[in-house]
Amino acid sequence: SPPERKYPMKKERRAFLFFLCVFLMSAGEDFFEKGLDFYKQKRFLLAIGAFKNAVEMGNKDPRLFLLLGNSYVGIDDYDKAIETYQKGLQGALPMAYYGVYYFNLAYTYGLKKLYPQAITTFDQALAYDTNLTYAYWYKGMLYYKLRDKTNTIREWETYLTVNPTGPQSENIRRALELLRDPNFTFPDGLVQNPMDRSTNTEPTVTEPLVDITGALGDYKPEDKEKAEDTS
């Protein structure tokens, strides 16, 4: 008898693999949307779980690692946030996203008090997107932490040049008056980290992470209660 043909089995296998891919893509999209909903509610632990499931399902949304990293920042897990942003940068992102990823990575380095690394990364963000003018404000603060008056003045003057009516413009003008005083000296002891949400009580001291959904723009320490909601 002639040998049995196996082509139909190959077709069935290809069809199975096709439907499996479609199923996984759909599941990945569902997890991403759930994560986005939790993220907007500032329920960051739940958002992290959903976004991680979306990653496992192969979701390719360019916002995925950005929002997952932001969620880790929302629960103050800065190491995981840095790891997540870096992983996102290793993928094939649309050009428009690189500046935001580098900005939030730099911001998180600042939260960890890795000031030189944060400054370098803010420069990378600006190389991709010159509209991220907050980077000059942050870099000035970081140089201030490093007691580098010359570069602090330079960064804040640049901020005023590119964003003369920005949210920090009046604060910067007052700060520059003090810095330009020939008798100015840096305070003794450690200066409070102006990027630290847990000790910062002045709402005008810092600006939030770049957040394309707007969810973290009004982040408050009391929102950590929502982050701990695992129901």
Side-chain angles (χ1 to χ4, degrees), residues 66 69-70 72-89 98-211 216-217 219-221:
L66 181 70
N70 289 1
Y72 280 121
V73 173
I75 61 170
D76 298 333
D77 191 341
Y78 305 139
D79 289 330
K80 274 290 187 183
I82 288 169
E83 178 185 325
T84 301
Y85 294 137
Q86 290 174 334
K87 191 168 185 178
L89 285 164
Y98 280 96
V100 178
Y101 269 87
Y102 276 116
F103 186 99
N104 286 8
L105 177 59
Y107 182 95
T108 311
Y109 282 140
L111 291 172
K112 279 185 62 67
K113 303 181 182 181
L114 301 172
Y115 303 131
Q117 205 162 350
I119 290 167
T120 299
T121 310
F122 275 129
D123 285 335
Q124 289 176 289
L126 286 165
Y128 280 101
D129 188 349
T130 57
N131 292 318
L132 296 171
T133 55
Y134 286 144
Y136 298 110
W137 162 235
Y138 285 135
K139 283 202 293 176
M141 289 195 297
L142 297 169
Y143 278 121
Y144 184 89
K145 289 289 294 181
L146 294 169
R147 297 173 176 263
D148 184 337
K149 184 170 78 169
T150 300
N151 280 318
T152 301
I153 292 173
R154 184 197 68 201
E155 296 296 339
W156 284 350
E157 286 179 339
T158 303
Y159 179 92
L160 293 177
T161 299
V162 299
N163 199 359
T165 60
Q168 295 298 340
S169 57
E170 290 307 311
N171 289 336
I172 288 177
R173 288 187 178 94
R174 289 194 294 269
L176 285 173
E177 288 180 12
L178 297 173
L179 288 166
R180 290 171 181 145
D181 187 328
N183 297 318
F184 171 83
T185 58
F186 286 97
D188 293 331
L190 293 176
V191 181
Q192 176 182 322
N193 179 10
M195 299 173 76
D196 186 351
R197 291 195 308 263
S198 63
T199 59
N200 178 15
T201 58
E202 295 295 329
T204 59
V205 169
T206 186
E207 297 298 333
L209 282 166
V210 171
D211 180 11
L216 291 183
Y219 182 93
K220 304 178 183 64

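Here Thr165 contributes atom OG1 and Leu160 contributes atom CG; the two are 10.0 Å apart, rounded to the nearest 0.5 Å. Remark: Tyr159 OH to Arg173 CZ distance equals 9.5 Å, nearest 0.5 Å. Of the inter-residue distances, the one linking Leu105 atom CG with Tyr102 atom OH reads 8.0 Å to the nearest 0.5 angstrom. A distance of 13.0 Å separates CZ of Arg147 from NZ of Lys149, quoted to the nearest 0.5 Å. Separating the CG atom in Leu179 from the CZ atom in Arg174 is a distance of 13.0 Å, to the nearest 0.5 Å. The line from CG of Leu66 to OH of Tyr101 is 5.0 Å long, rounded to the nearest 0.5 Å.
The side-chain hydrogen bond (donor to acceptor under 3.5 Å, both in side chains) search around Asp77 returns none, not counting sequence neighbours. For Asp181, there are no salt bridge (Lys or Arg N to Asp or Glu O under 4.0 Å) partners at least two apart in sequence or on another chain. Residues that satisfy the side-chain hydrogen bond (donor to acceptor under 3.5 Å, both in side chains) test with Tyr109, not counting sequence neighbours, are Gln86, Gln117. A search for salt bridge (Lys or Arg N to Asp or Glu O under 4.0 Å) contacts involving Arg154 returns nothing, not counting sequence neighbours. Under the side-chain hydrogen bond (donor to acceptor under 3.5 Å, both in side chains) criterion, Thr158 pairs with no residue at all, not counting sequence neighbours. Scanning for side-chain hydrogen bond (donor to acceptor under 3.5 Å, both in side chains) contacts around Glu83 gives an empty result, with sequence neighbours left out.
Here the closest non-hydrogen pair linking Ala118 and Gly110 is CB-N, 3.7 Å. The shortest non-hydrogen separation linking Pro164 to Ser169 is O-CB, 3.2 Å. Heavy-atom minimum distance, Ala81 versus Gly69: CB-O, 3.5 Å.
Using a 30° and 60° split on the angle between ring planes, Phe122 and Phe103 fall in the perpendicular class, above 60°.
Between Tyr128 and Val100 the shortest side-chain heavy-atom distance does not fall below 4.5 Å. Counting heavy atoms from C-beta outward, Tyr107 and Leu111 have side chains that approach closer than 4.5 Å. Inter-residue side-chain proximity for Ile82 and Lys112 is flagged as met; some heavy-atom pair is nearer than 4.5 Å. The side-chain heavy atoms of Trp156 and Trp137, taken from C-beta on, include a pair separated by under 4.5 Å. Here the side chains of Tyr144 and Phe186 are in contact, with some heavy-atom distance below 4.5 Å. Between Leu126 and Lys139 the shortest side-chain heavy-atom distance falls below 4.5 Å.
Between Val73 and the choices Asn104, Thr108, Thr84, the side chain to side chain contact (heavy atoms under 4.5 Å, CB included) rule is met once, by Thr108. The side-chain hydrogen bond (donor to acceptor under 3.5 Å, both in side chains) test with Asp148 is passed by exactly one of Thr150, Thr152, Asn151: Asn151.
Using modelled atom types, one finds a donor on one side chain and an acceptor on the other under 3.5 Å when comparing Tyr85 with Asn70.
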